[in-house]
Amino acid sequence: MTLAFELEALKRLADPNGAFSDARRWSKYVGVVSEKPTYVVTNFTRKERIRQDFFSGPRGVEESLENVMRQFDTDRHVFVGTTDDDRSIAEEAGWEFLPVEEAADAAEWPLAGDDDPVEDPFEDDDGRDDWP
């Protein structure tokens with residue numbers, strides 16, 4: 001299976017890196033697609049220490065899904081998203097669509113609480129000021 005997360009869906013997960021690592025156990029390829037500029041996706045995945053097999057780059061989501069489907073030949077292509085637009089894009093590109101809530105429930109990935117602060121894995125809690 002090839003699994004693509006829309007960036008906003010990935011952000012809804014409490015542990016995006018954990019979900020990505022878990023998905024690798026039963027997916028051949030896992031990546032992130034978004035309408036956002038490449039640097040936004042790259043910054044998020046670096047911060048979360050996510051190693052992706054593909055990303056959307058400068059293309060839109062639908063074009064990215066179509067390209068990924070051509071390049072990564074697997075029996076299933078599943079797109080995890082958050083909106084009805086995501087569903088429409090997935091269907092147009094020939095992908096299965098799965099809302100992030102259903103994916104999280106099926107895979108036992110906790111969702112981030114709406115009022116939970118997003119933890120920065122590079123933030124130093126002890127107040128050190130010796131970073132260059």
Side-chain angles (χ1 to χ4, degrees):
M1 172 177 15
T2 300
L3 183 67
F5 286 93
E6 204 288 325
L7 179 61
E8 294 307 313
L10 201 53
K11 288 180 175 181
R12 294 279 324 275
L13 299 173
D15 182 9
N17 185 331
F20 233 78
S21 296
D22 186 46
R24 286 193 180 288
R25 293 183 311 143
W26 37 266
S27 299
K28 190 167 184 179
Y29 305 105
V30 185
V32 181
V33 295
S34 177
E35 293 289 339
K36 303 273 187 199
T38 303
Y39 75 89
V40 173
V41 176
T42 301
N43 286 345
F44 179 80
T45 56
R46 276 189 191 149
K47 182 175 120 181
E48 296 294 330
R49 298 185 177 180
I50 293 171
R51 183 183 56 83
Q52 52 190 332
D53 296 316
F54 59 86
F55 63 96
S56 52
R59 300 174 211 86
V61 172
E62 186 173 356
E63 185 181 353
S64 295
L65 293 177
E66 290 168 350
N67 286 337
V68 168
M69 184 177 267
R70 278 193 301 272
Q71 294 175 16
F72 299 95
D73 185 27
T74 56
D75 57 338
R76 290 178 66 196
H77 292 82
V78 178
F79 179 50
V80 178
T82 60
T83 66
D84 287 337
D85 285 343
D86 290 343
R87 178 184 300 277
S88 296
I89 290 169
E91 290 170 358
E92 288 289 322
W95 285 58
E96 297 174 44
F97 176 77
L98 192 59
V100 67
E101 294 83 5
E102 288 181 30
D105 186 49
E108 298 181 355
W109 300 328
L111 292 171
D114 293 338
D115 37 333
D116 291 345
V118 176
E119 185 177 321
D120 184 344
F122 298 110
E123 188 173 308
D124 191 353
D125 290 338
D126 66 4
R128 288 179 49 183
D129 60 0
D130 60 346
W131 188 257

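If you're wondering where the values come from, they're calculated on a predicted model, not measured in any experiment. When reading the values below, keep in mind they use all heavy atoms of this one structure, side chains included, and skip hydrogens, waters and symmetry mates.
Leu111 CG to Lys11 NZ: the interatomic distance, rounded to the nearest 0.5 Å, is 15.5 Å. Atom NZ of Lys36 and atom CD of Glu6 lie 8.5 Å apart (nearest 0.5 Å). Taken from CG in Leu7 to OG1 in Thr82, the straight-line distance is 10.0 Å, to the nearest 0.5 Å. The CZ atom of Phe55 sits 12.0 Å away from the OG atom of Ser34 when rounded to the nearest 0.5 Å. Expressed to the nearest 0.5 Å, how far OG of Ser21 lies from CZ of Arg49 amounts to 12.0 Å. Rounding to the nearest 0.5 angstrom, the gap separating the CD atom in Glu62 from the OG atom in Ser56 is 13.0 Å.
Hydrophobic clustering (side-chain heavy atoms under 4.5 Å, transitive across Ile, Leu, Val, Met, Phe, Trp, Tyr) keeps Val41 apart from Val61. Follow the hydrophobic side-chain contacts under 4.5 Å out from Phe97 and you never reach Leu3; the two are in separate clusters. By the rule that hydrophobic residues join a cluster once side-chain heavy atoms approach within less than 4.5 Å of another member, Met1 and Leu65 end up as members of separate clusters. Val68 and Val78 are not part of a single hydrophobic cluster, where members link through side-chain heavy atoms under 4.5 Å apart. Linking ILVMFWY side-chain heavy atoms closer than 4.5 Å, directly or via other members, places Phe72 and Ile89 in a single hydrophobic cluster.
Pairing each heavy atom of Asn17 with each of Glu48, the nearest pair is ND2-O, 2.9 Å. Nearest heavy-atom pair, Val80 versus Pro99, reported as atom, atom and distance to 0.1 Å: CG1-C, 4.5 Å. The nearest pair of heavy atoms linking Trp95 to Ala4 is CZ3-CB, 3.7 Å. Residues Val100 and Ala9 come closest through the heavy atom pair CG2-O, 3.4 Å. Smallest separation of non-hydrogen atoms from Ile50 and Pro16: CD1-CB, 3.8 Å. What you find for Ala90 and Glu96 is that their closest heavy atoms are CB-O, 4.3 Å.
Between Thr2 and Thr74, the side chains place a donor N or O and an acceptor N or O closer than 3.5 Å (distance only, hydrogens not considered). Between the side chains of Trp109 and Asp15, no donor N or O sits under 3.5 Å from an acceptor N or O. Asp84 and Ser88 share no side-chain donor-acceptor pair at under 3.5 Å.
Side-chain contact between Gln52 and Val30 is absent, with no heavy-atom pair separated by less than 4.5 Å. Phe20 is listed as a side-chain neighbour of Val32, based on a closest heavy-atom distance under 4.5 Å.
In this structure, the ring of Phe54 has its center no less than 6.0 angstrom from the ring center of Tyr29. Outside the 6.0 Å centre-distance limit, the rings of Phe79 and Phe5 are not counted as a close aromatic pair.
The pair Arg24-Asp53 meets the salt-bridge criterion, with a side-chain N (NZ, NE, NH1 or NH2) lying under 4.0 Å from an Asp/Glu carboxylate O. Under a 4.0 Å N-O distance rule, the pair Arg59/Glu66 does not qualify as a salt bridge.
Of the possible polar contacts, one joining the Thr83 side chain to the Asp86 backbone as a donor-acceptor pair under 3.5 Å is found. Checked by atom type and distance alone, the side chain of Asn43 pairs as donor or acceptor with a backbone atom of Tyr39 at under 3.5 Å.
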Full working for side chain to side chain contact (heavy atoms under 4.5 Å, CB included) between Arg25 and Asp22
CA-CA 6 Å; Arg25 293 183 311 143; Asp22 186 46; 2.3 Å; yes
